[in-house]
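First up is the structure itself, then whatever we jot down about it.
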Amino acid sequence: MSDVQILESVQQFMARQHGHFIHAEHVSAESAERIELVNPATEQVVASIVSGSLGDVEKAVNSAYDAFQHAWANTSPYERGLKLNKLADLVEEHAEELAQLETLTTGKLINISRHLEAAQTAVFLRYFAGWATKINGQTMQPSIPSMNGEKYTACTMRQPVGVVAGIVPWNFALMIGAWKIGSALTTGCTIVLKPSEFAALSLLRLAELAIEAGIPAGVINVVTGKGDTGQHLINSLLVKKVSFTGSVPTGIAIGKQAMVSDLTRVSLELGGKNAAAILEDANLDEILPALLQATFVHQGQVCAAPERFFVHQSKYDELINKAAGAIQHLKIGSPMDESSMFGPLSNKPHFEKVKHYLNLAQQNNQVITGGKVLNGTGYFVEPTLLKVSGVDDPLFIEETFGPVVDVIPFESDEELLEMMNHSRFGLTASIWTNDLSKALRLIPQIEAGSVWVNMHTFLDPSVPFGGVKASGLGREFSDAFIDDYTELKSVMIRY
Ligand code: NAD
């Protein structure tokens, strides 16, 4: 097979001199500094973006504030839902274009960019669109003593917090950006997005599509740049909420900065060192295809994906043999080739980070299968299974955010739980078994925001998502996001 043809529209979009997208216009940056975007499969520069200064960020925040006070405030909840649905229509119409932009800048397999990134972006936008008309307060009956026959009633109303700063990582730039857009717009907020410096094109394009969808100027703005651009956003006193998705160290720094800035609300969706527990009764032939797909999708660069397999001692050898066999058959190749099953890591710094962990494993003789960096062009490494030396091994403790998985035997449920929970992270976990009774006993004892049974890494907008411990603060999706994007106002009336 060969690479799919790059669309003319994608070539033209990549060749543009991109600036920021503010108030429905392409705005040049104050600084002439440009950040090059590199195709991780070819190591060639494919586009460039600008670096947002304080002045650029102020323009974007002012535009979002103006739209919050006027254009978006004058739009009814029903209209907001319609416009988000229209944006979802346009995402579907432009799915191939958006998918190619993602693949050419992040190395995501083209089929994953199409069927997961672009398609799910539309699904999530539609889900949030449905909430616009359903954000309600409550009525209460106060028990205040009545001296002269007066009565009391009370209610709450939910009001949008205002301008939201959405800071987005590179691994699912479009979809995670759309989660933040959907949450903000459906509650009546406006947004300034700061995409990752490695993957900004698809969100710049989405912001243009939003104008086509009838979303007023200033409701969605995009300012590109690195961490310093994000910091300017958080420091703005007009920003009333920061929604951040990214790594734990950055998340902690952002959380502190938001508190110091103006007690700004912050939600943090951070990293994980997620565990999959394969119990004694699991049928490995049945579960392995789903487990391995959940683990190695997008080369393991998925916050929810497992990096630690805990396998009952009786199944350890069988799992290693069968999983190693399956992994070796994954066809590694160009992400633009539809027949490839495994692509490159998304960018050079991340490639260097994963290489460091692979070298560590090689030095200590811990590799079960894989473990090598591929010679030649592109940031390719092999999908890898490892042994660990114990719970203090850095390979057991640290998030690699790559296709690097520890396989660890256990004998008892107590030992399993102790090792699973031996982590500062607590994002996701899974249990693979037909013994539902045992699964239901284990679930409450697992320290993770999401636990799956016989599945892993699946997100759905109807199910809340977020981490415990150092994996985050707050929840996305379902009705759980509403608290984060609205102020609850209490009203009491005497009559
Ligand atoms: P990162 O923390 O390096 O960067 C994320 C974003 O923050 C980027 O846009 C970056 O420019 C910006 N940023 C960096 N420093 C900043 C600062 N001081 N102030 C403001 N903004 C700043 O993360 P990454 O490498 O882009 O993404 C990978 C990480 O994201 C992994 O740890 C992964 O687990 C996590 N992640 C979590 C989820 C989730 O939902 N929990 C989803 C995807 C990725």
Side-chain angles (χ1 to χ4, degrees), residues 1-4 6 36-46 99-100 102-113 116-117 169-172 196 198-199 288-289 291-302 305-309 320-388 394-395 398-407 457:
M1 292 282 280
S2 55
D3 283 6
V4 297
I6 302 179
E36 292 181 332
L37 300 182
V38 173
N39 178 338
T42 62
E43 295 183 47
Q44 285 178 346
V45 175
V46 289
Q100 290 196 5
E102 273 298 311
T103 293
L104 291 166
T105 48
T106 69
K108 188 173 291 136
L109 295 181
I110 186 67
N111 280 332
I112 301 287
S113 293
L116 212 167
E117 182 103 39
W170 46 260
N171 67 326
F172 281 95
S196 164
F198 298 106
L288 269 180
L291 176 62
L292 296 178
Q293 192 185 37
T295 305
F296 293 110
V297 60
H298 193 21
Q299 292 73 256
Q301 302 164 122
V302 182
E307 286 197 15
R308 297 180 298 161
F309 289 175
I320 281 184
N321 290 334
K322 290 184 170 165
I327 291 168
Q328 284 156 12
H329 281 104
L330 291 176
K331 184 186 159 202
I332 303 178
S334 163
M336 286 292 273
D337 180 337
E338 288 169 339
S339 69
S340 295
M341 296 158 83
F342 193 85
L345 297 176
S346 285
N347 56 67
K348 184 102 193 289
H350 188 56
F351 176 57
E352 295 300 333
K353 176 179 157 184
V354 174
K355 251 170 46 179
H356 157 78
Y357 287 113
L358 294 180
N359 288 340
L360 208 62
Q362 298 278 10
Q363 278 160 22
N364 300 324
N365 226 359
Q366 290 173 274
V367 176
I368 297 170
T369 187
K372 290 200 271 309
V373 174
L374 266 58
N375 289 328
T377 310
Y379 309 138
F380 291 91
V381 301
E382 289 178 331
T384 298
L385 297 182
L386 301 177
K387 291 180 247 178
V388 289
L395 290 161
E398 293 167 22
E399 181 191 40
T400 69
F401 204 51
V404 181
V405 180
D406 308 333
V407 190
T457 319

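These values consider heavy atoms only, across backbone and side chains, with no hydrogens, waters or symmetry-generated copies.
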query: Do F198 and H350 touch side chain to side chain, with heavy atoms closer than 4.5 Å?
result: no

message: Checking side-chain polar atoms at under 3.5 Å, does S339 have a donor or acceptor matched by the opposite partner on K331?
response: yes

message: Give me the atom names and distance for the closest heavy-atom approach of L109 to G343.
response: CD2-N, 3.8 Å

- request: Is it possible for you to check whether K108 lies under 6.0 Å from the centre of the six-membered ring of F172, through NZ or CZ, and within 45° of that ring's axis?
  value: yes

Side chain to side chain donor-acceptor pair (under 3.5 Å) between S113 and Q100, worked out: CA-CA 7 Å; S113 293; Q100 290 196 5; over 6 Å; no

message: Contact between Q328 and T369 at the side-chain level, heavy atoms closer than 4.5 Å - yes or no?
response: yes

field: K387 NZ: over 12 foreign heavy atoms closer than 6.0 Å
entry: no

- request: Using the six-membered ring wherever Trp is involved, compare the ring planes of F296 and F342 and label them parallel, tilted or perpendicular (cut-offs 30° and 60°).
  value: perpendicular

query: Which heavy atom of Q301 sits nearest a heavy atom of N171, and at what distance?
result: O-ND2, 3.1 Å

- request: For residues F351 and G378, report the shortest heavy-atom separation together with the two atoms involved.
  value: CZ-O, 4.4 Å

- request: Write down the atom of P344, the atom of P40, and the distance for their closest heavy-atom approach.
  value: CB-O, 3.8 Å

query: Minimum heavy-atom separation for V354 to G402, with atom names?
result: CG2-CA, 4.2 Å

- prompt: Would E352 and Y379 satisfy side chain to side chain donor-acceptor pair (under 3.5 Å), going step by step from the backbone distance to the final call?
  reply: CA-CA 9 Å; E352 295 300 333; Y379 309 138; over 6 Å; no

task: Look at atom CD of E43 and say whether more than 12 heavy atoms of other residues, nucleotides or ligands are closer to it than 6.0 Å.
output: yes

- request: For the pair S340 and S334, evaluate side chain to side chain donor-acceptor pair (under 3.5 Å) and give the outcome as yes or no after the intermediate values.
  value: CA-CA 6 Å; S340 295; S334 163; 5.5 Å; no

field: Considering all heavy atoms, the nearest P335-A41 contact
entry: CD-CB, 3.5 Å

query: Considering only heavy atoms from C-beta outward, does the side chain of N111 approach that of E338 to under 4.5 Å?
result: yes

